[in-house]
Amino acid sequence: MGRFFDLGRATKVTVALILLVVVCSVGYYLWDRQQQPTGSALDYEAQRIEQLLQGNPSNPDAWIALGDISLQQRKFDKAISEYEQALSLDEDQPKAYMGLGLAYMEKEDADRAVAYLNQAVALSEEAEFAHADVSLATLHYYLGKIYLEDGELDLAFQELTESLAFNRVNADTIFLLGQVYEAQGDEAAAEANYLRALSLVPNFAEVYAQLSNLYRAQGDEVSAAYNQAMSDLFSGSVAEAVEQLNAIVASMPEKAEAYWGLGWGYEKTNMRDEAIAAYQEAVSIDPQHRLARGALKRLGAGAY
């Protein structure tokens, strides 16, 4: 199996939501891209659950919650032990199998990851777990991610398509599906999926980077430069991105999104007047540009 990234955005989102609701099914697509529990908050919650387990060590849900915290803290072996403890008490726990799958995925043991995630799918598809559609979307997403990393494109396509059957508006899944299409040589379908992902998450830096590479390979240097600038903008290189976008709007004067990105960058560098001017330019090009209109309203620059 191929290399896996560090505990990724979608993994963190999944675990963060598990922690918020402790034992309810995850919904990684609902969580803000930047918001994560702090280390101290995780430590406090772990201590609280450990105290609970001292009085009731036979509570599988508490063991799962503790495993979720260990997973978020990248204590993968500890998380595995806690999920296994939960399963020793109740083997019909799809969340524990999912946690084991994620832990082994991060340990780069893809075979075990796939096995445990598939066990979670099998349990979640049973009648008594039929309400867990969000969990099935998440499980199929991670299976698709693993298969994509391993270059098993047909299996990745199957899993990601299955994930979208449960949740058609997940930008992470749509992005991965775009990567599958690109790896298969279908650049038009890849581009369509990347743009769809951006329509759902306009500050998705990784998608902009992927589009930049795609356009550059096609010889479209202007579009490649725009998408690279947007990727830089939402990756934290704001000043550099603003400089790039100023040059780009000269080449793409009718691209409202470029002016919106420029306005966002100016806001982040405390240049309010310049931000307003950029947003106004975006709205003059596209009067229905929701993000630019919202920014102008937020900045008190008119009734948009």
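When a residue number appears, it is its place in the shown sequence, counting from 1. Worth saying up front: this structure is predicted, and the values here are computed from it rather than measured.
With Y226 as reference, L245 is the one residue of D220, V249, L245 to meet the side chain to side chain contact (heavy atoms under 4.5 Å, CB included) rule.
For the residue pair Y215 and E191, a side-chain donor N or O sits within less than 3.5 Å of a side-chain acceptor on the partner. Inspection of the D68 and Y83 side chains reveals an N or O donor paired with an N or O acceptor under 3.5 Å. If you check the side chains of Q158 and Y147, you find no donor sitting under 3.5 Å from an acceptor. For the residue pair Q218 and E187, a side-chain donor N or O sits within less than 3.5 Å of a side-chain acceptor on the partner.
Here the side chain of S88 pairs a donor or acceptor atom with the backbone of Q85 at under 3.5 angstrom.
Between I146 and V114 the shortest heavy-atom distance is CG2-CG2, 3.7 Å. Considering all non-hydrogen atoms of both residues, N59 and L53 come closest at O-CD2, 4.0 Å. Of all non-hydrogen atoms in I174 and N193, the two that sit nearest each other are CG2-O, 3.1 Å. Residue A256 comes nearest to D286 through the heavy atom pair CB-CB, 4.0 Å, listed as atom of the first residue, atom of the second, then distance. T173 and S163 make their closest contact through OG1-OG, 3.6 Å (heavy atoms, listed as atom of the first residue, atom of the second, distance). Contact record, L148 with V180: CD1-CG2, 3.8 Å, taken as the closest heavy-atom pair.
Between F234 and W264, the ring planes are perpendicular. Angles over 60° get that label, and only those under 30° would be called parallel.
Within a 6.0 Å sphere centred on CZ of R112, heavy atoms belonging to other residues, nucleotides or ligands number 12 at most. For E240, the CD atom sits in a packed shell: over 12 heavy atoms of surrounding residues, nucleotides or ligands are nearer than 6.0 Å.
Within the structure, the salt bridge (Lys or Arg N to Asp or Glu O under 4.0 Å) test picks out the following pairs touching residues 245-272 (sequence neighbours left out): E267-R298.
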